[in-house]
Amino acid sequence: MAYNFKAIEKKRQESWEDEKAFRVERDESKKKYYSLVMFPYPSGNLHMGHVRNYSIGDVVARFKRMQGHSVLNPMGWDAFGLPAENAAIKNGIHPDKWTCSCIDNMRNQLKSLGLSYDWDREVATCKPDYYKWTQWMFLQLYNQGLAYKKKSNVNWCPSCETVLANEQVVNGKCERCKSEVGKKDLEQWFFRITEYAQRLLDDIDKLKGWPEKVKIMQENWIGRSEGAEIEFKIEGSGKCMVVYTTRPDTIFGVTYMVIAPEHPMVEELIGGTPYEEACRDLINRIKHVNEITRTSNETEKEGVFTGRYAVNPLNGEKIPLFIANYVLLEYGTGIVMGVPAHDQRDFEFARKYNLPVRVVIQPEGSQMDGDSMTEAYDGEGVMVNSPPFNGISSSEMISKIVDYIEENKLGKRKVNFKLRDWLISRQRYWGAPIPIVYCQKCGIVPVPQDQLPVVLPTDVKFTGRGQSPLAASEEFIHTECPTCGGKATRETDTMDTFVCSSWYYLRYCDPTNPDEPFSSENVGYWMPVDQYIGGVEHAILHLLYSRFFTKALHDMGFVPVEEPFTNLLTQGMVLKDGAKMSKSLGNVVSPEEIIDKYGADTARLFILFASPPEKDLEWSDQGVEGCYRFLNRVWRIVEEFQPLIINVHGEIPDNLPQADKELRYAVHSAVKKVTDYISERFNFNTAISAVMELVNSLYYYREKVTAEERNPLAVKEALENLITILAPFVPHITEELWELIGGKGSVHNQNWPKYDERVLVREEIEIVIQINGRVKDRISIAAGLDREQTEKAAMESPKVRSLIEGKSVANIIIVPKKLVNIVVQ
RNA sequence: GCGGGCGUGGCGGAAUUGGCAGACGCGCUAGACUUAGGAUCUAGUAUCUCCGAUGUGAAGGUUCAAGUCCUUUCGCCCGCACCA
């Protein structure tokens, strides 16, 4: 019988579904393992990146299950978001209907891959029984003061007609639709993630199982810096300006000051002065420059003198105040002190506007001069021009000067972060409504928990213009104030979809709980996620938000852990012809097509075999063929040997013929390799090649040993082990073959095989003989030989003898069981 | 500019703590079986001036021994980028 993958895969998928084969419940008697893949946005179609992601996750889950863990391996849908709404605008289909049909389609595609999910735990973030709890999360954060509303100048995508979080603006463009992002003043809801900045940073150290790259990206994003805030008096006014600097040691080198053009103080500084016009002119020009150019360090630095002077609090010097494009309002205090000699940006600015450059730090053994230097010096050195601190080192200066500043009440130490609060308001329909009501009497009122969920109205039109469709729904907007019962209106913004995905891994632990988002028992048992797998594109956004949620929920006593994901694997992309598969390049290979032609097992095997999971994978049609051939090869050898081993029982004797010993060696070493490769490094590609070696050994055995001489027990052991170690990779064919050889139950419920060290002990081993580090001969020696005996055996090699004849042996290095290196002169 | 990663046959990729470079697969070559082979099985396949040398982007170094460690350098990929 040939390998009929179509029939086999259909049959097996149906029976797993009927039996709910991968359903899992809390089981205190077993060690738990939570394997999680990043849930997909239901676009409607699976692509190869999904196949890779979920195949990797499935191997992990199946492997851990066979090792005796109670494995949580769930799947769900990140189902809110713009594409559904855009489809509604374009085709007139309601987003809910569109999304549900996409989910149905993708679920079928996932099922055709034979993934071992507990489908009873499926969640979709757009269902009221899920977003009810997303709203609940909002209320918890609101009660803790971690959700708040403020007017702010926000990123606005003119095409999506919504605001975006800083994290969603990529190179000044909308992460989703790629159109240029503008600015707008709006009242918006924020989550106070900055409250957790320090802990999010500190705990990165605890993430031992995360890739270094991701940790560094988060570290940079949080962007902690230590420095000082220092007050400068404005001359001719009682007011002060506060600057933030990380280099207080350079304070005597300040020769000018700069204030951001958008700074609220600018108005009173320039209003009614002769400098007003020139300043306004510049401010207007800067306003019309987009964010990318504005914040690029290639943009020419531009500034205008305000006519004002500030006073250096350390030496009383009068210094001119400028407005300039290179100072950002959002960071620090929006005002900086200009130290041209020791900051490259300030240096460029000073040269352009002929401002003095005063050196206050001299590097060891050189004499820099402010007039002749060609670039700023930002290293360490000895203080000069800084009485009374001259002569001390600049590193010592930092703490001394800050102490001095604090003692004299001129300023204070200050830690700053680049991380901003998370803007979660979206002026769109297809998201979780923010559970807030505005009452004329009571103001902002959170919707009480027993009134959740605030359900999305259905009487809406999708025009794609103006405000959110929610704002146009009469039924939705008008409500009663939960506090006073008076007339009130609902918040019409919905939440960023990243809010929904910041806690889904918690819901999987207890997906149908009607009374709570999750019970503490279930979350206590399953959390944290032991292995999280997904694309590196989520290195900052999703992973940082999820860490924030976990910490906030931990502090409120809902979650026992402080970090959600113990180990993180960022899988590489799937490439074709060296480029990422994309419609525009026309290099897309659809999973359906491959499954149809070769079956899911072949598709999975290829994708796991072609490359280690964290690296990019080059698609190869011929490589797929090769994997298909391999499965056929497995099928044929099992089928051929099956009659020999069926109904054979007993212990394998120790004294076997050499060929049987070799076969057993191949079996046990394959088990060892596959076990090590999967558990230590997730190197599925080398694990699979180890299985291929075993299959090659079986064919060798078949070639060399006649049918009558074959040992049924040894062959049985070989086949059983082959099928079990292959099971996590190719679940359908192994299930079928397991039944064929008379295995009990499902192969996926078998214990992961153990290898026998005794079988791996060889009587004779081959060692390499080198002369001056070059391989000259190989000899076979008894495994138990000690160093002296090994040396003796090596020196007896005729080849070695002739090569060292007449030369003097200077040294002999022996690596037991491996090699002998003879050093001659 | 800063940070991270990578560089090994015709190709994808293997090589614990430095210890046989090229596992496994693809491709290619030959043979067997065949009316036939784009099936299957078997054997071979780094390079060269082929009884011997040379080979892991390049150049140095450490070592009995280097793909692996150190120094310099070139190339590619990814992330961040006026954060004071």
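So you know, we letter chains A, B, ... as the sequences are listed, proteins then strands, and number each from 1.
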Q: For nucleotides B/C24 and B/C80, find the distance between their C1' atoms and express it as a whole number of Å.
A: 38 Å

Q) In terms of side-chain heavy atoms, does A/S225 have a donor or acceptor partner in A/N416 at a distance below 3.5 Å? A) no

**Q.** Who pairs with B/U34 - Watson-Crick or G-U, where each distance is under 3.5 Å
**A.** none

Q) When the distance from CD1 of A/I398 to P of B/A84 is rounded to whole Å, what number comes out? A) 13 Å

Q) Taking for each residue the nucleotide of RNA chain B with the nearest heavy atom, is it A/S620 or A/K799 whose nucleotide lies nearer the 5' end? A) A/S620

Q) Taking the P atom of each, how far is B/C41 from B/C26, in whole Å? A) 11 Å

Q) Can you tell me the Watson-Crick or wobble partner of B/A39, both distances under 3.5 angstrom? A) none

Q. Distance-only, no hydrogens or angles: does the A/S55 side chain make a donor-acceptor pair with backbone N or O of A/R52 under 3.5 Å?
A. no

(Q) Does B/G9 count as syn, meaning its glycosidic angle lies within 90° of 0, or as anti? (A) syn

Q) Yes or no on ring-ring contact (aromatic ring centres under 6.0 Å, His included) for A/F349 and A/Y256, after CA distance, side-chain angles and deciding distance? A) CA-CA 10 Å; A/F349 190 81; A/Y256 69 98; 5.2 Å; yes

Q: Report yes or no: is the cationic atom of A/R702 (NZ for Lys, CZ for Arg) closer than 6.0 Å to the six-membered ring centre of A/F641, at no more than 45° off its axis?
A: no

Q) Is a side-chain donor-acceptor pair under 3.5 Å present for A/D346 with A/Y326? A) yes

**Q.** Pairing nucleotide - B/U16, Watson-Crick or G-U, each distance under 3.5 Å
**A.** none

Q) With respect to the phosphate group of B/C41, does any side-chain polar atom (N or O) of A/R636 fall under 4.0 Å of OP1 or OP2? A) yes

Q. So what does A/T246 hit on the nucleic acid, given a heavy-atom distance under 4.0 Å: a base, only sugar-phosphate, or nothing?
A. sugar-phosphate

**Q.** For atom CZ of A/R224 and atom P of B/C80, their distance in whole Å
**A.** 23 Å

Q) How far, in whole Å, is B/C20 from B/A66 if one measures between their P atoms? A) 11 Å

Q. For B/U45, what is the paired nucleotide under Watson-Crick or G-U wobble rules, both distances under 3.5 Å?
A. B/G27

(Q) In this structure, how many angstroms lie between the C1' atom of B/A23 and the CG atom of A/L694, rounded? (A) 15 Å

(Q) Closest-nucleotide mapping onto RNA chain B: is A/G332 or A/Y699 further toward the 5' terminus? I mean the 5' end. (A) A/Y699

Q: For nucleotides B/G9 and B/G44, find the distance between their C1' atoms and express it as a whole number of Å.
A: 15 Å

Q. Under 6.0 Å between ring centres, would you say that holds for A/F606 and A/Y598?
A. no

Q: For nucleotides B/C69 and B/G19, find the distance between their P atoms and express it as a whole number of Å.
A: 11 Å

Q. Would you say A/Y244 reaches B/A84's phosphate, i.e. side-chain N/O to OP1/OP2 under 4.0 Å?
A. no

Q) From B/A84, B/C24, B/A53, pick the nucleotide closest to the side chain of A/K776? A) B/A53

Q: Grab the CG-P distance between A/L329 and B/C82 for me, whole Å please.
A: 15 Å

(Q) Please report the distance separating the C1' of B/G67 from the corresponding atom of B/G7, rounded so that it comes out in whole Å. (A) 11 Å

Q.
Counting primed atoms plus P, OP1 and OP2 as sugar-phosphate and everything else as base, spell out the protein contacts along nucleotides 2-22 of chain B at 4.0 Å heavy-atom distance: B, S or - for each nucleotide, 5' to 3'.
A. -SS-------BSSS-B-BB--

Q: Identify whether any heavy atom of A/V327 sits under 4.0 Å from a base atom; if not, whether one sits that close to sugar-phosphate; answer base, sugar-phosphate or nothing.
A: base

Q: Return the value, rounded to whole Å, for the distance between atom CG of A/N632 and atom C1' of B/G38.
A: 14 Å

Q) For A/P211, which of A/I216, A/V536, A/T570 qualifies under side chain to side chain contact (heavy atoms under 4.5 Å, CB included)? A) A/T570

Q) B/G3 pairs with which nucleotide, Watson-Crick or G-U wobble, both distances below 3.5 Å? A) B/C78

(Q) Please name the nucleotide paired to B/G67 by Watson-Crick or G-U wobble geometry with both distances under 3.5 Å, or report none. (A) none

Q: Would you please confirm or rule out a distance under 4.0 Å between OP1 or OP2 of B/G27 and any side-chain N or O of A/R629?
A: yes

Q.
From CG of A/N772 over to C1' of B/U54, roughly how many Å is that when rounded to an integer?
A. 17 Å

Q) What integer number of Å spans the C1' atoms of B/U16 and B/G12? A) 23 Å

Q.
If the cut-off is 4.0 Å, is A/R774 near the phosphate of B/U54, judged by side-chain N/O to OP1 or OP2?
A. yes

Q.
Under a 3.5 Å cutoff, is there a donor and acceptor pairing between the side chains of A/S394 and A/D249?
A. no

(Q) Under a 3.5 Å cut-off for both contacts, is B/C50 paired Watson-Crick or G-U wobble with anything, and if yes, with which nucleotide? (A) none

Q: Answer with base, sugar-phosphate or nothing: what part of the nucleic acid does A/K673 contact at a heavy-atom distance below 4.0 Å?
A: nothing

Q. When all nucleic acid strands are considered with a 4.0 Å heavy-atom cut-off, which category describes A/G626: base, sugar-phosphate, or nothing?
A. sugar-phosphate

Q | Glycosidic class, syn or anti, of B/C50 using a 90° window around 0 | A | syn

Q | Test item: side-chain donor near acceptor, A/E764 and A/S780, under 3.5 Å | A | yes

Q. Are A/N696 and A/R633 linked by a side-chain donor-acceptor pair shorter than 3.5 Å?
A. yes

**Q.** d(CZ, A/F630; P, B/G25) in whole Å
**A.** 9 Å

Q. What interatomic distance, in whole Å, is found between P of B/U8 and the corresponding atom of B/G18?
A. 23 Å

Q) Between A/R702 (CZ) and B/U40 (P), how many Å, whole number? A) 13 Å

